[in-house]
Structure formats: C-alpha cells, structure tokens
S.K.: 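Following this message is one structure expressed as structure tokens.
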Amino acid sequence: MNAIIELKDIKRDFLVGNETVHALRGVSFAIQPGEFVTIMGTSGSGKSTFLKIAGTLEKPDTGAVFLNGIQINGLSQKKICKIRQKKIGFIFQQYQLLPEYTIWDNVCMPLYIAHTVPDKAYIRQLLEKVGLWDRNGDYPDQLSGGEQQRVAIARAMAAKPGVILADEPTGNLDYQTGQEIMKLICASRELYRQTIVMVTHDMDSANYADRIMYMEDGALR
Ligand code: ADP
Ligand code: MG
C-alpha cells in the first residue's frame, strides 16, 4: 500500500537573531491511508514545524514531501493550494475561527476559499455531529473553548478531506472536554475513513492513536 503522506529527510532551520535553530534535522515519516499517528514531544522540539510541512502549509529547506505519491516540492504554489484544499483538514490548538463570521460560515470557510458551493445537507450533518447545529447562527465569541474546538473540527471536515492534521487539538481544553473532542475526532475518522496525524502533549489523547512517535530536538523516532 502507498503512503498517503511521506516525508523524506526533511530539514528546516530558522534564523533567530544571529543563531540558527535546527527545527527539523532530517525527519522521515510515512503514514498509510486510514492510519492514526500521534506525535509527542516537548515544547520547541519541532512538532508544529513538522505538521505544517507535512500539510504543505510550509516548505522544508531540503527533503521531499509526497502526498498520495505525488511529490509536492517543485509544484507551483497554486497547485499546492489546490491539492491541500481538497485533501487536508487542519485543527489547531487556538481554534483559529474568524470572529466576524457565524459558526455556519466558519465551517463553510474552506469551501468558500476553494470557490466550492457548500453541500448544505452535509454541513448541517457535520454541525449536528459536533452538537452545534442549534448554534449555527451564533458567533465564535458566544461559544466556550470546547464548543469552538468542535466548530474547528466541523470546519476541518467541510471539504471532506482524506487527511486530518491536528496540532494539540485538546491543548486548551479541560480533561473532560478534551476527551469528548478526542471521541469526536475518532468518530469522524470511522465515518469518513480519514487518516490522522495529531500532535499532543497529553498521553490520554495520544492513546487513541494506532501508533505514537516522539519528536526530540528536531528528530522523529
Ligand atoms: P513545537 O511545536 O514542538 O513546540 P515548533 O515546531 O513550533 O516546536 O518549533 C521548533 C523550533 O523552531 C523552536 O525552537 C522554535 O522556536 C523554532 N521556530 C519555529 N517556527 C519559527 C519561526 N517562524 N521563526 C523562528 N523560529 C521558529
Ligand atoms: Mg507546537
């Protein structure tokens, strides 16, 4: 079976002042369709940089990124965007909802950006699934943190992506709410047969995965 995401010998440095930070020191990684992998590691070890590069949001200095066997480096930015919009949904620790848009519009945002007409029945189903259909006309600041993260999950699913990349999705939530979010992520994985890469600090969340990997000072093992 072909990996749905494959990274080969990824290196990424940042220049901070006069100092070079080696955020990723030659990371290789592969995930099969339908697999759920968790990445754990201390703060600053390179997890978010890894996830952004795996999700084509950022480019590595060297190394190759493959999505469905297609090498992403070298494609035009426009092509990369198109592929990302179709194939990958993101969930972030800070939710990153747009405050001036309703819950409904926030969930539809990936489709608006891709100039795709939302499948209204499907969006409604997503909002029902995360228990927020009755809030669809409200604005993000009217919702609790856990509710906002549920909106972010529905938004990540809106374009029916095969891959979900989640960066500490339970990081800002209390234990109980975090567990509910994890159950929701797992349920949608089953329902939509998704592949998941999730960064977390939290062992309880990590244990939902098929496989746990550790990032240590820019190296993945
Ligand atoms: P983690 O998500 O594991 O906390 P990050 O991937 O965010 O780690 O960061 C890895 C290292 O790279 C850290 O030392 C961080 O300060 C640095 N870094 C990440 N992004 C940038 C950036 N845009 N500019 C400068 N340094 C960065
Ligand atoms: Mg991070």
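Bear in mind that the values here come from a model prediction, so they are computed numbers and not experimental data. The analysis underlying the following values was restricted to heavy atoms, covering all of them including side chains, and did not include hydrogens, waters or symmetry mates. Read the numbers this way: they start at 1 and go in the same order the structure lists the ligands and their atoms.
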S.K.: So which heavy atom on L98 is nearest to which on N106, and how close?
M.R.: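 Answer, listing the atom of L98 first, then N106: N-OD1, 2.7 Å.
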
S.K.: Examine ligand 1 and decide if any of its atoms is less than 4.0 Å from a heavy atom belonging to L51.
M.R.: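 False for this residue.
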
S.K.: Whether K11 and D61 form a salt bridge (side-chain N of Lys/Arg under 4.0 Å from carboxylate O of Asp/Glu) is what I want to check.
M.R.: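 Answer for the salt bridge query: no.
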
S.K.: Mark up the atoms of ligand 1 that fall under 4.0 Å of a heavy atom belonging to S48, in ascending order.
M.R.: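 Taking each heavy atom of S48 in turn, ligand 1 has 1 (P), 2 (O), 6 (O), 7 (O) under 4.0 Å.
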
S.K.: Could you work out, for atom 6 (O) of ligand 1, the closest of V199, L15, T49 by heavy-atom distance?
M.R.: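 Result: the heavy atom closest to atom 6 (O) of ligand 1 is in T49.
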
S.K.: If you measure every N/O of V21 against every N/O of ligand 1, is any gap under 3.5 Å?
M.R.: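 In this structure, V21 places no N or O atom under 3.5 Å from an N or O of ligand 1.
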
S.K.: I need the atoms of ligand 1 closer than 4.0 Å to a non-hydrogen atom of T42, numbered in the order shown.
M.R.: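 Near T42, meaning under 4.0 Å from one of its heavy atoms, ligand 1 has 3 (O).
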
S.K.: For Y122, does the six-membered ring have the charged nitrogen or CZ of K160 within the cation-pi criterion, i.e. under 6.0 angstrom from the centroid and within 45° of the normal?
M.R.: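 Here K160 passes the 6.0 Å and 45° test against Y122.
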
S.K.: With a 4.5 Å limit on heavy-atom distance, are the side chains of R25 and D217 in contact?
M.R.: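 Yes, at least one pair of side-chain atoms sits under 4.5 Å.
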
S.K.: Distance under 4.0 Å to a non-hydrogen atom of S43: what atoms of ligand 1 satisfy this?
M.R.: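 So the atoms of ligand 1 that pass are 4 (O).
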
S.K.: Should you measure from each heavy atom of V16, which atoms of ligand 1 turn up under 4.0 Å away?
M.R.: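 Counting from 1, the qualifying ligand atoms are 25 (C), 26 (N).
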
S.K.: Restricting to non-hydrogen atoms, name the atom on Y139 and the atom on I103 that form the minimum distance, rounded to 0.1 Å.
M.R.: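 Nearest heavy atoms, Y139 then I103: C-CD1, 4.0 Å.
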
S.K.: Which residue holds the protein heavy atom closest to atom 18 (N) of ligand 1, what is that atom called, and what is the gap in Å?
M.R.: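 Sorting protein heavy atoms by distance from atom 18 (N) of ligand 1 puts F14 CD1, 3.4 Å first.
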
S.K.: The Mg ion (ligand 2) to S43: any N/O/S contact under 2.8 Å?
M.R.: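 Checking S43: none of its N, O or S atoms is under 2.8 Å.
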
S.K.: With atom 10 (C) of ligand 1 as the reference point, say which of G44, G218, G41 has the nearest heavy atom.
M.R.: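 Result: the heavy atom closest to atom 10 (C) of ligand 1 is in G44.
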
S.K.: For atom 8 (O) of ligand 1, is some protein heavy-atom partner under 4.0 Å away?
M.R.: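 Yes, there is a protein heavy atom closer to it than 4.0 Å.
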
S.K.: Evaluate the 4.0 Å heavy atom contact test for atom 22 (C) of ligand 1: does a protein atom fall under the cut-off?
M.R.: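 Neighbour list for atom 22 (C) of ligand 1 includes protein heavy atoms (cut-off 4.0 Å).
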
